[in-house]
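Report on one structure; see the data block that follows.
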Amino acid sequence: MPELPEVETVRRGLERRVVGACIDRVEVTGERTVRRLGREAIIDGLTGTHVVTARRRGKYLLCDLDSGGVLMMHLRMSGRVLVAPLGALRPAHTHVALTMSRTDSSGFEVWFVDPRTFGEVVVFDRDDEARVAPELARLGPDPIAEGLDVATLRGILRGRRGNLKALLLNQHAIAGIGNIYADEILHRARLRDDRVPASLGADAVRRLHAAIHDVLTAAVAAGGSTLDDTQYVDVDGATGWFQTEHRVYGRAGERCLTCGRGRIVRRVVAGRTTCACLVCQR
DNA sequence: AACTGTCCCTGCAAGC
DNA sequence: TGCTTGCAGGGACAGT
């Protein structure tokens, strides 16, 4: 599932392939993907504009346009952004297709493909962000795009009485972590998912801080995780390989790779499938 | 304010 | 073999 590392990999692909190009034509075939504003707003907001930047906030992709507009995309569970040659056969569930061009080369297409249709494509004027996309202002700090220091993390943990995993998944607390990386981070930090955040001591906070940074950085370097049941690929269709580095996610029943003693247990925490080694993680 | 449970949706795998 | 069922999960929202 696209989390921070996967979305960052897509962002880098957009930066490489799409920034500087002009959107000549916009086709919207999936109404649900544009449910927030409707088809006309997407077509009107994008057609004839140049893409100036490719940014990311948590799991949100944001492209500034030379019109003063912003293209916002969220992949949610099954969304993909693909760059393809002009006229290439579009995959099933291609809901938005952009025909783009550069002055110095031939055109190409950008597709938003999303079988489960949880994903979204939104376009708004920069001045309208608070009205059209209020969720952006509610996001917590992004550990990679903005950095997250130990003091800030300590502040986020302070007074929190739920469980630690739910806090890591809470985009209002920290932006970008999803189910896979939450489990990997907690394992690296040697902390149980059901710890009460406010109860973590100084050493545990430092371990958690390092684990957030280390896991996300390594996953970004690996181009994200492509799972058996996911279709996550970057804009060029390449898979990630961080799944080969997973130490707990998807390893239920296996012996722990870290301590060699425990077995990875699988249970539901914060309403999500959770994998952990209860020998390493305390 | 903080936290939990529900819902949206499709593809795939397991079970009968 | 072919059906049904369950599961996967991000985030908004409603309900505590």
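Chain letters run A, B, ... following the sequence lines, proteins first and then strands; every chain starts at 1. Atom set for the values below is all heavy atoms of this structure, side chains included, hydrogens, waters and symmetry mates excluded. The shown structure was predicted, so the numbers you read here are calculated from the model rather than taken from an experiment.
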When rounded to whole Å, the NZ to P distance for the pair A:Lys165 and B:dC3 reads 17 Å
Rounded to whole Å, the CZ-P distance (A:Arg57 to C:dG11) equals 12 Å
The residue, A:Arg32 or A:Asn163, whose nearest nucleotide of DNA chain B is more 5′ is A:Asn163
A:Arg36 CZ to C:dG11 P, in whole Å, measures 12 Å
| Any side-chain N or O of A:His74 less than 4.0 Å from the OP1 or OP2 oxygen of C:dG11? | yes
**OP:** With heavy atoms under 4.0 Å as the rule, sort A:Gly271 into base, sugar-phosphate or nothing.
**Re:** nothing
In whole angstroms, the gap separating P of B:dC9 from NE2 of A:His95 amounts to 12 Å
A:Lys59 atom NZ is separated from C:dG9 atom P, nearest whole Å, by 11 Å
The nucleotide from C:dG10, B:dT10, C:dA8 with an atom nearest the side chain of A:Thr273 is C:dA8
Requested in this report: Mind checking A:Ser78 for me? I need base, sugar-phosphate or nothing, with any heavy atom below 4.0 Å counting as a touch.
Outcome: nothing
When rounded to whole Å, the CG to P distance for the pair A:Asp183 and C:dA8 reads 12 Å
The ring pair (Phe, Tyr, Trp, His ring centres under 6.0 Å) partners of A:His74 (sequence neighbours excluded) come to A:Tyr60
Check ion pair A:Glu129-A:Arg57 (N to O, under 4.0 angstrom): no
Between A:Arg272 and A:Leu167, whichever has its closest DNA chain B nucleotide further toward 5' is A:Leu167
In whole angstroms, the gap separating C1' of B:dT6 from CG of A:Leu169 amounts to 16 Å
A:Arg76 atom CZ is separated from C:dC13 atom C1', nearest whole Å, by 12 Å
Which of C:dA12, C:dA8, C:dG11 is nearest the side chain of A:Tyr249? It is C:dA8
Go through the steps to decide whether A:Ile177 and A:Leu4 satisfy the test side-chain contact (heavy atoms from CB on, under 4.5 Å), and finish with yes or no. CA-CA 6 Å; A:Ile177 299 170; A:Leu4 187 153; 5.9 Å; no
message: Is it the case that the side chain of A:Glu6 and the backbone of A:Tyr232 share a donor-acceptor pair, with hydrogens and angles ignored and the cut-off at 3.5 Å?
response: no
Establish, with yes or no, whether the OP1 or OP2 oxygen of B:dG11 is under 4.0 angstrom from a side-chain nitrogen or oxygen of A:His93.
-> yes
When every non-hydrogen atom of A:Gly69 is compared with those of A:Arg126, the smallest separation belongs to O-NH2, 4.1 Å
